[in-house]
Amino acid sequence: QVQLVESGGGSVQAGGSLRLSCERFGYTQSIYDMAWFRQAPGKEREGIAGTNREGRTDYVESLKGRFTISQDITKNILYLQMNNLQPEDTAMYFCAAASSGTWFGFDRPGSYNNWGQGTQVTVSS
């Protein structure tokens, strides 16, 4: 019922910025939490930040301050502003939505039952 489509990825030099977008389609009224994750080759999927309709935001400590999550609920768009990007930020970035299932925490992939296909971010230096 819910479909997610990420966009905004690309190649950028170290120190640059990107804003990722995630468009939501279908029965979006059922979504109560959304988040951004990333995954580099050979590594596990890593949580970045999460948010809900009440405006609450959660960030993993290591990325807090550089990455900012926000959303336009009316337009069904989730954003991730990424500043001062570094080569270690290179990864496939995914948005995720929770509309059912068990909650394990905002930064746990198992909490989300809907995922986009991802958008690649490559940072060079």
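Positions are given from 1, in the same order as the sequence printed here.
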| field | Between OH on residue Y32 and OG on residue S99, distance to nearest 0.5 Å | value | 7.0 Å
| note | Taken in chain and number order and not counting sequence neighbours, the residues that satisfy side chain to side chain donor-acceptor pair (under 3.5 Å) with S100 are N113
| task | Could you tell me which residues satisfy side-chain contact (heavy atoms from CB on, under 4.5 Å) with S70, sequence neighbours excluded, listed by chain and number? | result | Y79
| When rounded to the nearest 0.5 angstrom, what is the spacing between CD1 in I48 and CE in M82? | 7.5 Å
| query | Do the non-hydrogen side-chain atoms of E6 and W36 ever get within less than 4.5 Å of each other? | reply | yes
Only distances under 3.5 Å count here; give the side-chain donor-acceptor pairs of residues 118-125 to other protein atoms, sequence neighbours excluded, each with its distance to 0.1 Å.
from : atom 1 : to  : atom 2 : distance (Å)
T119 : OG1    : G9  : N      : 3.1
Q120 : NE2    : A91 : O      : 3.4

| query | Taking only residues two or more places apart in sequence, or in another chain, which ones meet V5 in a side-chain contact (heavy atoms from CB on, under 4.5 Å)? | reply | F25
| note | Taken in chain and number order and not counting sequence neighbours, the residues that satisfy ring pair (Phe, Tyr, Trp, His ring centres under 6.0 Å) with Y93 are none
| Residues forming a side chain to side chain donor-acceptor pair (under 3.5 Å) with Q39, sequence neighbours excluded | R45
| query | Between N52 and F106, is a side chain to side chain contact (heavy atoms under 4.5 Å, CB included) present by the stated rule, with each step listed? | reply | CA-CA 10 Å; N52 62 18; F106 81 94; over 6 Å; no
| When you look at CD of E46, are more than 12 heavy atoms from neighbouring residues, nucleotides or ligands closer to it than 6.0 Å? | yes
| task | Using the test side-chain contact (heavy atoms from CB on, under 4.5 Å), find all partners of A97 that sit at least two apart in sequence or belong to another chain. | result | L4, I31, M34, N114
| said: Between E23 (side chain only) and L78 (backbone N and O only), is there a donor and an acceptor less than 3.5 Å apart? | reply: no
| In chain order, what residues pass the side-chain contact (heavy atoms from CB on, under 4.5 Å) check against T57, with sequence neighbours excluded? | T51, Y59, I69
| Point-to-point distance, once rounded to the nearest 0.5 Å, from CE of M92 to NZ of K43 | 15.0 Å
| request: Take D58 and D107 through the test side chain to side chain contact (heavy atoms under 4.5 Å, CB included) and record every step on the way to the result. | output: CA-CA 9 Å; D58 295 290; D107 60 342; over 6 Å; no
| remark: Residues pairing under side-chain hydrogen bond (donor to acceptor under 3.5 Å, both in side chains) where one sits in residues 81-92, two or more places apart or in two chains, turn out to be S17-N83, R38-D89, R66-D89, Q81-N83, N84-Q86
| request: Scan residues 42-125 for pairs that pass disulfide bond (SG atoms under 2.5 Å apart), counting only residues two or more places apart or in two chains. | output: C22-C95
| side chain to side chain contact (heavy atoms under 4.5 Å, CB included) between D33 and S111, worked out | CA-CA 9 Å; D33 277 276; S111 296; over 6 Å; no
| What heavy-atom pair brings I77 and S21 nearest, and what distance separates the two atoms? | CG2-CB, 4.3 Å
| field | For F37, ring pair (Phe, Tyr, Trp, His ring centres under 6.0 Å) partners two or more places apart | value | Y112, W115
| said: Starting from Y27 and following side-chain heavy-atom contacts under 4.5 Å between hydrophobic residues (I, L, V, M, F, W, Y), which residues can be reached? | reply: none
| said: Regarding R24 and Q71, do their side chains bring together a donor and an acceptor under 3.5 Å, going by distance alone? | reply: yes
| said: Using 0.5 Å steps for rounding, measure from the CZ atom of F94 to the CG atom of L80. | reply: 13.5 Å
